[in-house]
Amino acid sequence: MKRQILIFGGTTEGRKVANWLSDLKQSFYYSTKTTSHPLISEMGECLSGGMNEDEMIEFCQLHEISLIIDAAHPFAADLHQNLHHVASELDIAIVRIEREFVERLDHEYIHYLPSMDACINEIKERHITRVLSLVGVKNLPKIKKALPQCDIWFRILNFPESIRIAREAQVNEERLIVSSRFENLLLEEDLIKEHGIQAILTKESGYSGLLDKKMELAIKHELPLFIVKRPDLPEYDKIIKTRSEFQSYLDEAFGIKRLELAHGYTTGTCAAISAKAALKALITQEKTEWERVDLPNNREAMMPIHCTELASDYAICTVIKNSGDDPDVTDGTEIGCRISFNATGEIRFVKGEGVGRVTKAGLEIPVGEPAVNPTPRKIIERELTQVLDTSQLRKGLDISVFVPMGARLAKKTFNPRLGIEGGISIIGTTGILKPFSAEAYVQTIKKHVRFAVENGSREVIINSGGRSERYLKQKFPEMPQQAYIQYGNFIGDTLHAINGSGIEKVSMGIMMGKAVKLAEGHLDTHSQKVVFNKDFLIRIAKEAGYEESSINQIRAVNMARDLEEIFPFTENELFYKHLKSKCYDVLEKEIEGYGIELLLMNIKGEII
């Protein structure tokens, strides 16, 4: 298949969009300036070394490129401009794959400046003499030369090239903080306290660059934080952040459609791949491009390694999570593992950045442990034990699974209400995400049920989501938070999870649209699986004895909520009595050992 798409990557966003194209079975070229993040994909051909503007034009003409995808680093200003010029010159479509940036903060200690020179001048004018530089190694020589009067501590990444640049700039090694980009800022905080740091210097790199944590650090210690603003981007045909946006754009602009739904991998599989690759790297002190693990049900997973960091006493590997066409907040997220030996002879899980910690009983993991679920733990332990046996090593391991964006992503999950603090959970029972299976959601429902029982709830209130839960909390203000369980579209899975759990009573809140689908016998109410059925509603109305005038009005209804214009939403209205009766008929076939009360709700929060 001819390649007519050219990606400029070398970033998490580049790997992410490469996954999206691979899932669409679309071939492409992938250009990176360095060889440190090579693309490994059967659909992509990797081009290393970078290109100037003339070389880009020649390449695009030779290969008949019809779409340029800019997924390069936000601060690659010259590259962004070159790509814009090339696209304009050749009349080629160009889109930008953008990361999520930290919202700009109006605060007395936070200062956004247009350039590194402006930051340096600000430090000089304020007569600051002790600086913590968190901008990366590329700017290190410039900063050191421009601020000879300052005592500067430089945080650099643990890569040979970074260390070489620092040494060539003749930075005193006592002033170097050599660390992983995946570590938090604990060392930096200790340094601030110990050495009386007066200012912090960084770039507007986003959540992946820990900018939010740097802000918190500066405000906590009342230090000015000078932030080099990300450069303005040129005009693009479209700015894209999600897989669905990308697929819609390709369909509209090029007629490229999904031939079939793509499967993806769970966070547990990503963690296992990263852990195994990291242990091999620690033992051999060599990087690997691919790694595989065995999954339940005689399946296997193989993924390319995105990043490897090596030291004598630890190794880190990461992958970019590909969720396929399963809706998932972690799609395109970097997930990794840090492996080090310990003297205990045991395999221990240690909390990593962005992975939550269990703080309450009732889950499958003991209180205090990182939220790595049992199945991923078993896969990781088995794979690492095999690597140790093959290498004839008898050593213990400390395993730290991390997700740099995890703390932010956790706010979009149910973890906070389950007592999992500080990040997401590493989950997965099969290791594979089937499109629209929403395995993670169903597993969360099961966790909620166990959590409620372990924390003393014998009565629970199940509901479809945030709005209905708010209405139900007004009706049942005395019920504790753990008693509220959201089923989303998965009514059947929720009822089955409650069977035999010890729960004695269930109150089920349900909006009109889902109630109509449930009454017809659908226990999964997702719109992609079941549609609004007017004929069924007409049948209910006829059974309830309504006249033909009401029946005809139903034929004009487009949404379930419109039924209230025909039938007043009251407890005694026959239509709703019949609707609820049919819902009960469906529910009672699924429940075992507990009573259920159905609460029909409308958009106003009224309940009958």
Side-chain angles (χ1 to χ4, degrees), residues 10-16 70-77 80 96-116 118-119 122 131-136 138-139 155 157 177 179-189 192 197 199-233 236 239-242 245 307 318 320-321 329-336 352-356 402-413 415-416 421-424:
T11 58
T12 301
E13 292 74 32
R15 179 80 70 176
K16 178 167 64 175
D70 182 358
H73 193 278
F75 278 83
H80 301 318
R96 169 72 178 163
I97 307 299
E98 192 60 283
R99 63 182 59 181
E100 186 175 5
F101 288 101
V102 180
E103 186 176 350
R104 286 181 177 171
L105 189 61
D106 184 10
H107 193 280
E108 61 178 313
Y109 293 116
I110 309 299
H111 307 278
Y112 298 92
L113 297 166
S115 66
M116 181 60 67
C119 290
E122 192 73 20
V131 177
L132 173 58
S133 172
L134 304 177
V135 294
K138 289 183 179 179
N139 285 283
R155 182 181 190 262
L157 299 182
I177 309 168
S179 62
S180 165
R181 71 183 178 94
F182 309 109
E183 292 177 0
N184 54 33
L185 300 174
L186 295 179
L187 287 175
E188 288 79 353
E189 184 160 21
I192 287 171
I197 297 296
I200 305 173
L201 186 59
T202 191
K203 293 195 299 186
E204 194 178 12
S205 54
Y207 288 100
S208 57
L210 304 178
L211 181 58
D212 54 331
K213 297 184 182 299
K214 295 171 186 177
M215 288 178 169
E216 292 171 5
L217 192 65
I219 293 170
K220 177 181 178 181
H221 294 279
E222 299 183 347
L223 298 174
L225 174 64
F226 301 118
I227 303 173
V228 181
K229 291 196 294 186
R230 63 183 184 273
D232 294 332
L233 293 172
Y236 292 93
I239 303 289
I240 294 170
K241 292 184 179 180
T242 67
E245 290 175 350
C307 180
T318 72
I320 303 301
K321 185 174 185 292
V329 298
T330 58
D331 184 40
T333 300
E334 191 168 14
I335 296 175
E353 178 70 29
V355 173
F402 59 86
V403 184
M405 289 282 288
R408 179 167 178 78
L409 293 174
K411 297 175 183 178
K412 303 177 183 179
T413 73
N415 272 12
E421 298 179 355
I424 65 169

Tell me, do [X] and [Y] make a side-chain contact under 4.5 Å, heavy atoms counted?
X	Y	value
His221	Ile200	no
Ile424	Val329	no
Leu134	Ile177	no
Ile227	Arg104	no

Give, for atom [atom1] of [X] and atom [atom2] of [Y], the distance between the pair rounded to the nearest 0.5 Å.
X	Y	atom1	atom2	answer
Leu201	Ser133	CG	OG	5.0 Å
Lys214	Ile110	NZ	CD1	12.0 Å
Lys412	Thr330	NZ	OG1	10.5 Å
Lys241	Ile97	NZ	CD1	11.5 Å
Leu211	Leu105	CG	CG	9.5 Å
Asp106	Glu103	CG	CD	11.0 Å

Under the rule for side-chain contact (heavy atoms from CB on, under 4.5 Å), what residues qualify as partners of [X], not counting sequence neighbours?
X	value
Lys138	none
Lys213	Leu185, Leu210, Glu353
Leu233	His80, Arg96, Glu98, Tyr236
Thr12	His306, Ile320, Glu334

Pairing residues for [X] by the salt bridge (Lys or Arg N to Asp or Glu O under 4.0 Å) criterion, not counting sequence neighbours:
X	result
Glu122	Arg126
Lys220	Glu189
Glu100	Arg408
Lys16	none

For Ser179, side-chain hydrogen bond (donor to acceptor under 3.5 Å, both in side chains) partners two or more places apart: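 Counting only residues at least two positions away or on another chain, Ser179 forms a side-chain hydrogen bond (donor to acceptor under 3.5 Å, both in side chains) with Arg155.
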Listed partners of Ser180 passing side-chain hydrogen bond (donor to acceptor under 3.5 Å, both in side chains), at least two apart: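 Applying side-chain hydrogen bond (donor to acceptor under 3.5 Å, both in side chains) to Ser180 gives Glu309.
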Evaluation steps, side chain to side chain contact (heavy atoms under 4.5 Å, CB included), between Leu132 and Thr202: CA-CA 9 Å; Leu132 173 58; Thr202 191; over 6 Å; no
Qualifying residues under ring-ring contact (aromatic ring centres under 6.0 Å, His included), relative to His111, sequence neighbours excluded: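 If we apply the ring-ring contact (aromatic ring centres under 6.0 Å, His included) test to His111, skipping adjacent residues, the hits are Phe226.
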Set of ring-ring contact (aromatic ring centres under 6.0 Å, His included) partners for Phe101, sequence neighbours left out: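 Partners of Phe101 by the ring-ring contact (aromatic ring centres under 6.0 Å, His included) criterion come out as none, since no residue qualifies.
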Side-chain ion pair, Glu204 and Arg230, N-O less than 4.0 Å: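 Yes.
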Closest non-hydrogen atom pair, [X] against [Y]:
X	Y	value
Ala118	Pro114	CB-CD, 3.9 Å
Pro231	Phe75	CD-CD2, 3.7 Å
Pro416	Ala410	CD-O, 3.6 Å

Any donor-acceptor N/O pair, [X] side chain to [Y] backbone, under 3.5 Å:
X	Y	value
Arg99	Tyr207	no
Thr11	His73	no
Thr242	Glu245	yes

Derivation of the side chain to side chain contact (heavy atoms under 4.5 Å, CB included) call for Val403 and Lys321: CA-CA 10 Å; Val403 184; Lys321 185 174 185 292; over 6 Å; no
